[in-house]
Amino acid sequence: MSQGKRPLPADIHPRTQAVHSGTRRSQYGEVSEAIFLTQGFVYDSAEQAEARFIETGDDEFIYARYGNPTVRMFEDRIAALEGTEDAFATASGMAAVNGALTALLKAGDHVVSAKALFGSCLYILEEILTRYGVEVTFVDGTDLDQWRAAIRPDTKAVFFESMSNPTLEVIDIRAVSDLAHAVGALVIVDNVFATPVLQRSGDLGADVIVYSATKHIDGQGRCLGGVICGTRQFVRKVAEPYLKHTGGSLSPFNAWVMLKALETMDLRVRAQADSALKVAQALQGLPGLSRVIHPFLTDHPQHDLARAQMDAGGTMIALDVAGGKEAAFKLLNALQIIVISNNLGDAKSIITHPATTTHQRLTPEQRAGLGISDGLLRLSIGLEDAGDLIADLTQALAAAQGPGS
Ligand SMILES: *Cc1c(COP(=O)(O)O)cnc(C)c1O
């Protein structure tokens, strides 16, 4: 297999990389990438099998848990886009987060993590790593003094999401990376909310960037997937041995969906982010909301940092409905276009009530500490007409303030 006869120029932009990078063509010269839906690979001889188990070449595979041509295309394309040396594709975003952390850490190691995290990420840091003797210190990720105080000479890694779920806090990636690098700690960033399109975390200092490809990379609500991007050393010598032996590899079919979805990701994410800012601005003027959170609104606490760090404010909005859970539920039930679901980054606009769904597991005190009030809703803006979404939210908000339900 080959990229075709002509190699790509070295200086192409991410949008071009997202369409062409990583392509491997079979002897048929297909235009659209093939799905190699195979677990295994046939060897010409016993000697060839023996040789391949000693060292695999670029276009040589052993078993789909170790690697597969379609999965490899997705890995090469996302690595090119992200600007990292390599990438390992995983069965889900959580396999990527767990793989990156568990592959690296051992008993006795120390990790510093922001406390505002996706629920399952919090579970890994709080429940799983600690069970195996890793010490984890949680900090308010927006407070550099807390990072400074928590990072120690023996800190092995720092972990955070920027923006965070669901309250869209923005963390200073450059500043936290500098603090971590000063003690030789690895910086692992979950870049899901910011997307590969709007935030280049690697350029800002992150060493390892993890994604749930389930979100904006697929972007159309079809498949689970994830990816770990980093140096060749980290991806192939640290993450891959752990993942290929523990079963977290991405299926070739899902890899193909993600690979093709990368071609349109830039257009989708930018359009969704444009609409998200429009919707957030429109919501700010409406009665019945005590707070509208979006990083590119001027009243966001890290607004200047968000503008410096990201191309756009992302596709997510958080809104606090005055009147708590009852009013929030009335609003949800009155929506006609936006669907109630807990996914995000989809072509369809999606809304969820974190306190009773994604963050139900937390105690009321923990939720309060993360700014997850009973009236908070997390809204993921899709590809619909922004005016239609504003109209839907406006009528639902009016219904939520009305009598009874
Ligand atoms: C969804 C999500 C994950 C987990 O991804 P899955 O594909 O659902 O396993 C991790 N981090 C963040 C920030 C997410 O939004």
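Read the numbers this way: they start at 1 and go in the same order the structure lists the ligands and their atoms. Just so it is clear, the values below take in all heavy atoms, side chains as well, and ignore hydrogens, waters and symmetry mates. Since the model is a prediction, treat every value here as computed from it, not as a measurement. For reference, positions follow the sequence shown, starting with 1.
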* In chain order, what residues pass the ring-ring contact (aromatic ring centres under 6.0 Å, His included) check against Phe159, with sequence neighbours excluded? ->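 None.
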Only distances under 3.5 Å count here; give the side-chain donor-acceptor pairs of residues 186-197 to other protein atoms, sequence neighbours excluded, each with its distance to 0.1 Å.
residue : atom : partner : partner atom : Å
Asp190  : OD1  : Val192  : N            : 3.1
Asn191  : OD1  : Gln199  : NE2          : 2.8
Asn191  : OD1  : Ser201  : OG           : 2.8
Asn191  : ND2  : Thr195  : O            : 3.4
Asn191  : ND2  : Gln199  : O            : 3.1
Asn191  : ND2  : Tyr211  : OH           : 2.7
Thr195  : OG1  : Val197  : N            : 3.2
Thr195  : OG1  : Leu198  : N            : 3.2

* All salt bridge (Lys or Arg N to Asp or Glu O under 4.0 Å) counterparts of Lys325, not counting sequence neighbours ->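 Scan of Lys325 (salt bridge (Lys or Arg N to Asp or Glu O under 4.0 Å), adjacent residues dropped) gives none.
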* Got more than 12 heavy atoms from elsewhere within 6.0 Å of NZ, Lys237? ->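 No, the 6.0 Å shell around NZ holds no more than 12 heavy atoms from other groups.
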May I have every N or O pair linking ligand 1 to the protein at under 3.5 Å, one per line with atom names and distance?
residue  : atom   : partner : partner atom : Å
ligand 1 : 5 (O)  : Ser212  : OG           : 3.0
ligand 1 : 7 (O)  : Gly93   : N            : 2.8
ligand 1 : 7 (O)  : Ser212  : OG           : 2.8
ligand 1 : 7 (O)  : Thr214  : OG1          : 2.6
ligand 1 : 9 (O)  : Gly93   : N            : 3.0
ligand 1 : 9 (O)  : Met94   : N            : 2.8
ligand 1 : 11 (N) : Asp190  : OD2          : 2.6
ligand 1 : 15 (O) : Lys215  : NZ           : 2.8

* Would you call Asp86 and Arg72 a salt bridge, taking side-chain N to carboxylate O under 4.0 Å as the test? ->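 Between Arg72 and Asp86 there is a salt bridge, with a charged N closer than 4.0 Å to a carboxylate O.
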* **Cation-pi, Phe296 ring and Arg307 (6.0 angstrom, 45 degrees)** =>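 Output yes; distance and angle both within limits.
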